[in-house]
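Just below is one structure, and these are the notes that go with it.
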Amino acid sequence: MSSLRFKMVAEAFSKKPLVWQVRPERVDEYFACKVFTREKMRKYLSEDVYQQMVDVIDGGVRLRRAVADAVAEGMLCWAKEQGVTHYTHWFQPLTEGTAEKHDSFLELNGKAAIEEFSGKLLVQQEPDASSFPSGGIRSTFEARGYSAWDPTSPVFIIDDTLIIPTVFISFSGEALDYKAPLLRALHALNVAATDVCKYFDPDVKRVTCNLGWEQEYFLVDEGLYAARPDLVLTGRTLMGHDSAKNQQMDDHYFGAIPERVAAFMRDLEVQALELGIPCKTRHNEVAPNQFELAPIYEDMNLAVDHNMLLMSLMRRVARHHGFRALLHEKPFAGVNGSGKHCNWSLTTDTGELLHAPGRTPQQNLRFAVFIVETLMAVWRHNGLLKASIMSASNAHRLGANEAPPAIISSFLGTQLSAFLDNIGKTASTDSHTEVDEATQFQLHGKQGMKLDIPEIPELLIDNTDRNRTSPFAFTGNRFEFRAVGAEANCASAMIALNSAVAEALVSFKKRVDERGGTFHAIIDVLREDIAACKPIRFDGNGYSDEWKQEAAQRGLDTETSCPVIFERYLAPESIQMFEGLGVMTRKELEARNEVKWETYTKKIQIEARVLGDISMNHIIPVATNYQSQLLTNVERMRAIFPAETAQKYNDRNIKLIEEIATRSAAIETMVEELVAARKVANKIEDEHAKAIAYHDTVAPFLERIRRQIDKLELIVDDALWPLPKYRELLFVR
């Protein structure tokens, strides 16, 4: 009997929900209590310094060093009152995670120990840039890099440490993180969108980009997790046959939350709220032991920081409750994977939501412009947007009948599609008045629906349906980028999307101005773009084979190889866009692609090594052991019963013995071939070519070997099988 597996199963079944201290206050009394908010700034800073910080945060004014000294002094005072002893610059390197180095406030003044925190320490630190992925920008002997404070994302406290959100750049100024290019992309989009808004409202001075992410995740008992080396080392199960019951009964989605999980959720939610993360929704997701947390939308830069913080917090709180949180996009084959739907929208400083229909024809014209130019961005750069969400882990999820396909298209719904088609039907002429033209910009709001049940109140029906197969769907007043993976830094997708939309808006304004900047010029350019971006609009079934063929005919990017998809970052139109907007240089793009290819290779390499180890050191010995038991049974039957009777009972055993031998031999052979393919691929020096070799020659063995192991799992005595099975991983709560 596999003692570790059954011991962990027994322990998991005996665990009770963790009893923890619930905060007695209402949420509004402790929300963001661990954040240096504007309210705290006003308390701990002078009025002059506070106003200068507001100018920095809201107006984009550059922070002066003298102001930084005063802010650091106020922060230190607040932090010491909270029992804080250390500080750290918190940044987002190209590892998909976060990084931090803690320093104490301790300084020596002569022989006396004092606590100090200066503006210099607040503004910058010097992490070792050669120890983080840099794509060749930094070598081992060129180690200097800088982290620099981002004042637009508030400082917060975890345990005894003051956490300072920062960008991370190299000695020569190139971005080595996600935050720096995100801030640049947000600036470019703000400028471009504000310029277009002035056609409709001259009072608009700023456009803010909003993000509301939906974080999906799995919870697995930590004992069962520890008994699965593949989960520990790769984040997913490299083998495991379907449970007889998984999600086919549709009984987990929105079901009653298990007690242990509910205790975890409450604890996580309180800690997140203390850190200013506005948690709003929690529920069971479709797959067993899969769940979701979603916040209220926020300014995008802050939302990205909050998502990175939440993922770290989620792992920490899960362990406290005896779970492991799995953020891999496809930890279990045969059930739904996990995504991070990114709800994206634009808001003016006058309070207008630019992707929401308006009350007047002029507002609806503006709405049409921003919808169409967003579609133009997605049409021109659909390959780049796919590259921005692609990874070795997300490739398992995309198109797997629970996530959008690896083809970027946009769903608008019947009413909005008809609205745009109606605008695009006729050409504008000078003989038309603005009033005549404006009649085309009519949109119905939510419509009432009365059910044949008198007790049920009237329902308000949205002007669009939902399409789960659409990677980029319009959902009423925003677009939902559904293809982003659960463990990804959503800044990657948002950098590409914001840059593409900024470029589209710049192009739109340039063409309108060339035609005089009149009402008719806006209409004419809008109609041109409605026709141009039509190939990206698709309201049908994105999972169908017919769509794959049609998408190719429309000119959409249908590539499925992860390393090849990454090439879209280095396409001439991508480089021109990023450089033209000042978001990233060619050098930075080339470096990031080196990191992407190297990361892909390493992930497949680790999975291949883990699978080979488990196959030869866990599966084959167990299969051979069971085979020996069956052989012993055959001999006993022959010794006890007459030959004819013994043969009758032994036919099944002999068949199993032969099947085990065949499948074990196949596994051993494929593991040898896998190792050989790795050795050949590892000799390739170019990271791009190496990643393609790993995709084409190494990765296919993972599924082939898995198929054989999963068949053995159905044959070998359950008491001998060493690894927790899917029924245990997915249903022990």
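- Put simply, the side chain of Thr697 does not reach to within 4.5 Å of the side chain of Val680, judged on heavy atoms.
- Shown here is Gln647, whose CD atom has more than 12 heavy atoms of other residues, nucleotides or ligands within 6.0 Å.
- Under the 4.5 Å side-chain criterion, counting only non-hydrogen atoms from C-beta, Glu329 is in contact with Glu487.
- Asp221 is not listed as a side-chain neighbour of Met8, based on a closest heavy-atom distance of 4.5 Å or more.
- The shortest non-hydrogen separation linking Ala333 to Thr237 is N-OG1, 4.4 Å.
- Sparse packing is recorded around CZ of Arg609, with 12 or fewer heavy atoms of other residues, nucleotides or ligands lying under 6.0 Å away.
- Of all non-hydrogen atoms in Leu729 and Leu231, the two that sit nearest each other are CD2-CD1, 4.3 Å.
- Between Tyr253 and His283, the ring planes are perpendicular. Angles over 60° get that label, and only those under 30° would be called parallel.
- By the 30° and 60° cut-offs, the orientation of the rings of Phe566 relative to Tyr600 is perpendicular.
- His695 places none of its side-chain heavy atoms less than 4.5 Å from the side chain of Val564.
- Partners of Lys725 by side-chain hydrogen bond (donor to acceptor under 3.5 Å, both in side chains), not counting sequence neighbours, listed by chain and number: Asp718.
- Asn336 and Gln247 form a side-chain donor-acceptor contact under 3.5 Å, judged by distance and modelled atom types alone.
- Judged purely by distance below 3.5 Å, without hydrogens or angles, the side chains of Asn541 and Glu546 never pair a donor atom with an acceptor atom.
- Looking only at atom types and distance, the side chain of Glu96 has a donor-acceptor partner in the side chain of Tyr178 under 3.5 Å away.
- A donor-acceptor pair shorter than 3.5 Å can be found between the side chains of His321 and Asp267.
- Aromatic ring orientation, Phe479 versus Phe472: parallel (interplanar angle below 30°, classes split at 30° and 60°).
- Summarising the local packing, NZ of Lys603 is surrounded by more than 12 heavy atoms from other residues, nucleotides or ligands at distances under 6.0 Å.
- A heavy-atom distance below 4.5 Å is found between the side chains of Val220 and Leu326.
- For the 3.5 Å distance criterion, the side chains of Gln290 and Ser338 qualify, holding a donor opposite an acceptor.
- For the salt bridge (Lys or Arg N to Asp or Glu O under 4.0 Å) criterion with Arg282, the lone passing option out of Glu269, Glu292, Glu216 is Glu269.
- Put simply, the residue from Phe218, Trp721, Phe332 that forms a ring pair (Phe, Tyr, Trp, His ring centres under 6.0 Å) with Tyr726 is Phe332.
- Heavy-atom neighbours of Lys602 NZ from other residues, nucleotides or ligands within 6.0 Å: at or below the threshold of 12.
- Asp717 is linked by a side-chain hydrogen bond (donor to acceptor under 3.5 Å, both in side chains) to nothing, counting only residues two or more places apart in sequence or in another chain.
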